[in-house]
Amino acid sequence: MLKVHYQRQLGGWQKPEIMPFENLSIHPAAKALHYAIQLFEGLKAYRGRDDKIRLFRPDLNMERMNLAAQRSGLPTFDGDELIRCITRLVQIDQEWVPHSETSTLYIRPTLIGTEPTFGIQAPESALLFVILSPVSAYYKTSTDGAVSIYADPNVVRAFPGGVGNRKVGSNYGPTIEATARAAKMGHHQVLWLFGPDHELTEVGAMNIFMVYINDQGDKQLSTPPLNGLILPGVTRRSILELASQWEDLTVKEEVLTMKRVIELNQQGRLLEMFGAGTAVVISPISRVGFLDEDISIPTMKQAQPVFQRVKDTLLAIQYGHIEHPYARII
Ligand code: PMP
């Protein structure tokens with residue numbers, strides 16, 4: 001594991017250390033344990049057919065980490081320096097990067113406020129650590145290979161002026177009850193809505209996308225805009241950038257409401273819904289539970305689905321089948 005201590009009184013960041021994995025020893029009054037003065041990130045190391053190991057746009061994870069640090073009074077840092085440290089860590093542990101194109105080595109950078117005082121203030125001391133774990137695509141699906149999602153308009157994940165757009169732990173604990181309730185009803189994930197119009201924000205810990213025939217009769221790929229309620233996903237951004245170069249598809253960031261979803265679906269214009277994130281890349285959605293409705297989405301019935309094209313493109317970049325600047329060989 002990698003550890004970097006921060007001590008304001010000693011001039012800030014101390015020398016990074018890579019050491020055998022071990023438990024942390026932490027003061028019970030550490031601010032991270034009481035006020036969730038902490039943040040985390042998630043990225044992966046992919047082993048390609050050429051045996052080279054790649055990271056996918058780690059600079060964006062560093063940027064997002066620093067934004068979260070700012071919001072929580074945690075110390076910011078030089079993202080390039082942390083990428084260098086992570087690169088070294090993965091190089092040392094390179095045999096833990098699976099020799100497989102269905103598995104990866106998950107990288108979990110974490111930053112916690114360790115100052116052992118009860119004041120709700122920026123911590124004088126902090127610890128940045130990075131741990132690793134081999135993973136496969138771990139979300140459960142239905143037999144059709146897609147997920148079923150449940151939207152409860154009475155529960156919100158994020159709100160204007162809040163921290164929905166930051167990867168802080170305090171966004172995740174409060175999702176557990178709603179997710180367990182959805183699971184009891186036979187759904188895999190929660191669709192997070194916001195506001196009186198039931199705006200779609202995210203699905204589980206993924207960004208949400210829709211493909212439909214727009215008013216001009218064109219096929220459109222849409223996702224909600226980054227309005228503060230949505231985590232700026234690395235996968236989301238990459239999909240928008242890649243798909244905007246595909247001439248047969250209109251790409252748009254726009255507010256999507258449940259009313260619009262239902263309307264488009266009834267008119268036969270809604271083609272696909274899917275979630276996107278580092279964990280599973282793309283997760284097609286075939287069913288949405290909302291109030292008393294059980295809505296079937298024809299995502300798995302498309303001849304040439306956009307979700308598959310997006311997924312294939314991302315995987316090809318991540319595993320080095322095509323050379324692309326998003327993939328960084330380490
Ligand atoms: N939304 C939330 C709430 C998440 O936790 C994640 C995972 N980081 C995402 C979206 C997807 O982001 P990314 O593509 O950067 O993994």
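Start at 1 with the first residue, then count along the sequence. Read the numbers this way: they start at 1 and go in the same order the structure lists the ligands and their atoms.
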* Quick one: do Asp197 and Thr257 satisfy side-chain hydrogen bond (donor to acceptor under 3.5 Å, both in side chains)? Show the steps, please. => CA-CA 6 Å; Asp197 293 339; Thr257 62; over 6 Å; no
* Might you work through the side-chain contact (heavy atoms from CB on, under 4.5 Å) test for Leu240 and Thr223, ending with a clear yes or no? => CA-CA 9 Å; Leu240 290 175; Thr223 192; 3.9 Å; yes
* Glu253 and Arg236 ion-paired at < 4.0 Å -> yes
* To do: Mark yes or no: Arg57 above the aromatic ring of Tyr326, with NZ or CZ under 6.0 Å from the six-membered ring centre and no more than 45 degrees from the axis.
  => yes
* N-O pairing of Arg64 and Glu41 below 4.0 Å -> yes
* Asked: Only one of Arg269, Lys252, Gln220, Glu254 clears side-chain hydrogen bond (donor to acceptor under 3.5 Å, both in side chains) with Asn214; which?
  -> Gln220
Taking a 3.5 Å cut-off between nitrogen or oxygen atoms, can you list every pair linking ligand 1 to the protein, with distances?
{"from": "ligand 1", "atom 1": "1 (N)", "to": "Glu202", "atom 2": "OE1", "distance (Å)": "2.4"}
{"from": "ligand 1", "atom 1": "5 (O)", "to": "Lys167", "atom 2": "NZ", "distance (Å)": "3.1"}
{"from": "ligand 1", "atom 1": "5 (O)", "to": "Tyr172", "atom 2": "OH", "distance (Å)": "2.5"}
{"from": "ligand 1", "atom 1": "8 (N)", "to": "Lys167", "atom 2": "NZ", "distance (Å)": "2.8"}
{"from": "ligand 1", "atom 1": "14 (O)", "to": "Val234", "atom 2": "N", "distance (Å)": "3.2"}
{"from": "ligand 1", "atom 1": "14 (O)", "to": "Thr235", "atom 2": "N", "distance (Å)": "2.9"}
{"from": "ligand 1", "atom 1": "14 (O)", "to": "Thr235", "atom 2": "OG1", "distance (Å)": "2.6"}
{"from": "ligand 1", "atom 1": "15 (O)", "to": "Arg64", "atom 2": "NH1", "distance (Å)": "2.8"}
{"from": "ligand 1", "atom 1": "15 (O)", "to": "Arg64", "atom 2": "NH2", "distance (Å)": "3.2"}
{"from": "ligand 1", "atom 1": "15 (O)", "to": "Val234", "atom 2": "N", "distance (Å)": "2.8"}
{"from": "ligand 1", "atom 1": "16 (O)", "to": "Thr278", "atom 2": "N", "distance (Å)": "2.9"}
{"from": "ligand 1", "atom 1": "16 (O)", "to": "Thr278", "atom 2": "OG1", "distance (Å)": "2.6"}

